[in-house]
Amino acid sequence: METLGNIFYPTSRQTSCNYGIGADGRVGMYVEEKNRSWCSSSNANDQRAVTIECASDTTEPYAVKDIVY
């Protein structure tokens, strides 16, 4: 969860999400739902979407652990 927050922290990255779920199942909020996240490369979509990044393995097949679900 902290790693994802650190990835999104610099505004120069021009990317974010509303929520993230870490490999340990903890949930973090990075952008409030009343604000637009920069997630899908579509302003129209981002204005109406709530986006959630989920931790996965770092190698194929990029499995998501049960605790993240």
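Atoms considered below: every heavy atom in the structure, side chains included; atoms not considered: hydrogens, waters and symmetry mates. Being a predicted model, the structure only gives us computed values, none of them experimental.
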Requested in this report: Would you give the length of the straight line joining atom CD of Gln14 to atom CZ of Phe8, rounded to the nearest 0.5 angstrom?
Outcome: 13.0 Å
Requested in this report: Could you please spell out the steps behind the side chain to side chain contact (heavy atoms under 4.5 Å, CB included) verdict for Cys39 and Val31?
Outcome: CA-CA 11 Å; Cys39 186; Val31 177; over 6 Å; no
Query raised in the report: How far does CG of Asn43 sit from CZ of Arg48, to the nearest 0.5 angstrom?
Result: 11.5 Å
Query raised in the report: Once you round to the nearest 0.5 Å, how far does OG of Ser37 lie from OH of Tyr30?
Result: 12.5 Å
Query raised in the report: Shortest non-hydrogen contact from Asn18 to Glu32?
Result: ND2-O, 3.5 Å
Query raised in the report: CD/Glu53 to CD1/Ile7 distance, rounded to the nearest 0.5 angstrom?
Result: 9.0 Å
Query raised in the report: Taking all atoms of both residues into account, what is the closest heavy-atom pair of Leu4 and Cys17, and its distance?
Result: CD2-SG, 4.3 Å
Query raised in the report: Just wondering, are more than 12 heavy atoms of other shown residues or ligands nearer than 6.0 Å to CG in Asn6?
Result: yes
Query raised in the report: With the 4.5 Å side-chain cut-off for hydrophobic clustering, are Val27 and Val50 part of the same group?
Result: yes
Query - Distance (rounded to the nearest 0.5 Å) between Ser56 OG and Ile21 CD1 - result: 12.0 Å
Requested in this report: Please check if Tyr19 and Tyr69 belong to a single hydrophobic cluster, counting links between Ile, Leu, Val, Met, Phe, Trp and Tyr side chain heavy atoms closer than 4.5 Å.
Outcome: yes
Query - Thr51 OG1 to Glu33 CD distance, which is reported to the nearest 0.5 Å - result: 9.0 Å
Report task. Return the minimal non-hydrogen interatomic distance between Ser40 and Asn45, and the atom names on each side. Result -> OG-ND2, 3.0 Å
Query raised in the report: Any link between Ile52 and Trp38 through a network of hydrophobic side chains (Ile, Leu, Val, Met, Phe, Trp, Tyr) touching at under 4.5 Å?
Result: no
